[in-house]
Amino acid sequence: MRKIISFGKRSSAIATIIALVYGILQILFGLQVIPHPGNLYWFFMPTLMLAPVFLIVMVCLDLVAKEKSRIWTTVAWVLATLNCTMVFMIYAFQSA
């Protein structure tokens, strides 16, 4: 159980760092301090990195949740799976 909690904490820390970097880049893009990337691979890369890590965090939360709240964590990891699938599909279609 401790390994699951440790893995979930590390994954959530990674997800937080990726989200902060992505947010800062979006603000800089919006203020036109830096130009938008010309290649769509780089534009979608933070989302591609964030989706699987978020899914891992949701699965870890589901494994350590109490029985009465497990329905909500199950819904969360199902939605995270859908999000991860959609991100990978968008990334794959952009590369074609």
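Everything numeric here is computed off the predicted structure, so don't read it as measured data.
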Checklist entry - If you measure from CG on L28 to CD1 on I34, what distance do you get to the nearest 0.5 Å? => result 5.0 Å
Checklist entry - Do V53 and I90 sit in the same hydrophobic cluster, where Ile, Leu, Val, Met, Phe, Trp and Tyr count as joined when their side-chain heavy atoms come under 4.5 Å apart? => result yes
Checklist entry - Can you get from F54 to W77 by hopping between Ile, Leu, Val, Met, Phe, Trp and Tyr side chains that sit under 4.5 Å apart? => result yes
Item to check | Flag if over 12 foreign heavy atoms under 6.0 Å of OH, Y22 | outcome: yes
Checklist entry - Out of curiosity, L82 CG to M89 CE, how far, rounded to the nearest 0.5 Å? => result 10.5 Å
Item to check | Nearest non-hydrogen partners of C84 and A51, listed with the distance | outcome: CA-CB, 3.9 Å
Next on the checklist: Starting from L25, can I reach L20 by hopping between I/L/V/M/F/W/Y residues whose side chains sit under 4.5 Å apart?
Outcome noted: no
Next on the checklist: Using every non-hydrogen atom in the two residues, find where P35 and F29 come nearest and quote the distance to one decimal.
Outcome noted: O-CE2, 3.2 Å
Next on the checklist: Using a 3.5 Å distance criterion without hydrogens, assess whether the side chain of S69 forms a donor-acceptor pair with backbone atoms of A65.
Outcome noted: no
Next on the checklist: If I take atom CG from residue L50 and atom CD1 from residue I17, how far apart are they, to the nearest 0.5 angstrom?
Outcome noted: 11.5 Å
Next on the checklist: Is there a path of hydrophobic side-chain contacts, each under 4.5 Å between heavy atoms, that joins I14 and F88?
Outcome noted: yes
Next on the checklist: side-chain contact (heavy atoms from CB on, under 4.5 Å), that's the test. Do D62 and R70 meet it? Break it down for me.
Outcome noted: CA-CA 6 Å; D62 185 54; R70 186 146 303 165; 3.3 Å; yes
Checklist entry - Between V78 and L55, is there a shared hydrophobic cluster once you connect ILVMFWY residues whose side-chain heavy atoms come closer than 4.5 Å? => result yes
Checklist entry - What is the distance from atom CD1 of I56 to atom CG of L61, rounded to the nearest 0.5 Å? => result 12.0 Å
Item to check | Spacing of CD belonging to Q26 relative to CG belonging to L31, to within rounding of 0.5 Å | outcome: 11.0 Å
Checklist entry - Say you draw a straight line from CZ of R10 to SG of C60; how long is it, rounded to the nearest 0.5 Å? => result 9.5 Å
